[in-house]
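Note sheet for the following structure.
Just so it is clear, the values below take in all heavy atoms, side chains as well, and ignore hydrogens, waters and symmetry mates. None of these values were measured; they are calculated from a predicted model. In what follows, residues are counted from 1 in the order of the sequence shown.
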Amino acid sequence: SNSLDEYVGVVDTGVYHGDSRSGTTVWSLLWASTAGYYVEGIHIDEQHDVLWTLSSGSNSALEFVCIDIDPSSSTYGQRIAETSGLYTNGPLQKWTMSPDSKTGVVVKILSDLLYVYDLDPTSPTFLQNTDVLNVPAHNNSPLHLVTTVLFSPDGSELFAAVQHAGLEN
């Protein structure tokens with residue numbers, strides 16, 4: 001992957017690759033998702049030349065999916081790894097990846113739960129759920145849920161936006 005590459009996820013289609021080396025961006029389908037599934041977010045792991053997304057896994061359920069983006073690789077554009085069972089945590093959507101590309105955190109919809117996954121291919125717990133975080137409510141509101149998460153630039157902190165009865169804190 002180089003600085004003239006662009007990637008975009010498209011609902012019901014997959015991930016498109018845009019090559020801008022000619023001065024004009026030329027788009028082509030890099031990886032096709034299962035029909036009916038969205039592609040939620042994209043993260044490029046430049047160290048391993050892969051792209052991570054939250055989309056349909058080989059079991060046709062929502063999983064972290066790893067796609068090879070090394071054009072010189074024999075598996076270029078193919079799913080080369082995925083979690084197994086992420087979808088059993090219930091409806092999931094927003095997610096983030098640590099700056100070092102080793103940890104993925106996904107939000108359970110309409111809850112305070114965050115699921116932490118090891119996405120480091122050199123780790124013995126690669127592709128496994130390593131923690132479940134319950135974001136505490138900060139007031140007495142009967143409605144509070146996590147709407148998004150983000151790591152600090154150095155990866156030492158995880159921030160969660162929490163909605164309380166119509167207000168975002």
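Residues Leu150 and Leu133 do not share a hydrophobic cluster, clusters being chains of Ile/Leu/Val/Met/Phe/Trp/Tyr side chains in contact below 4.5 Å.
Using a 4.5 Å heavy-atom threshold, the side chains of Thr96 and Thr103 count as separate. Lys108 places a side-chain heavy atom less than 4.5 Å from the side chain of Tyr115. The side-chain heavy atoms of Trp31 and Val65, taken from C-beta on, include a pair separated by under 4.5 Å.
Here the OG atom belonging to Ser101 is positioned 9.5 Å from the CG atom belonging to Asp120, to the nearest 0.5 angstrom.
Each ring pair (Phe, Tyr, Trp, His ring centres under 6.0 Å) pair with one or both residues in residues 74-99, not counting sequence neighbours, appears once here: Phe64-Trp95.
Side-chain contact of Thr75 with Ser73: a donor-acceptor pair under 3.5 Å is present, judged by distance alone. Under the 3.5 Å distance criterion, with hydrogens and angles disregarded, no donor-acceptor pair is assigned to the side chains of Thr53 and Ser55. Counting only N and O atoms by type, the side chains of Thr130 and Asp118 include no donor and acceptor under 3.5 Å apart.
In terms of heavy atoms, Val8 sits closest to Ile42 at C-CD1, 3.6 Å. Minimum heavy-atom separation, Lys102 to Asp100: N-OD1, 3.0 Å. The two atoms that bring Val132 and Asn129 nearest to each other are CG2-OD1, 3.8 Å, heavy atoms only. The nearest pair of heavy atoms linking Gln128 to Pro124 is NE2-O, 3.9 Å. Residues Gly18 and Thr25 approach most closely at CA-CG2, 3.8 Å, considering heavy atoms.
Judged as a side chain to side chain contact (heavy atoms under 4.5 Å, CB included), and not counting sequence neighbours, the contacts of Leu29 are Thr13, Tyr16, Ala32.
Looking only at distances, a side-chain donor or acceptor of Glu63 sits under 3.5 Å from a matching main-chain atom of Leu86.
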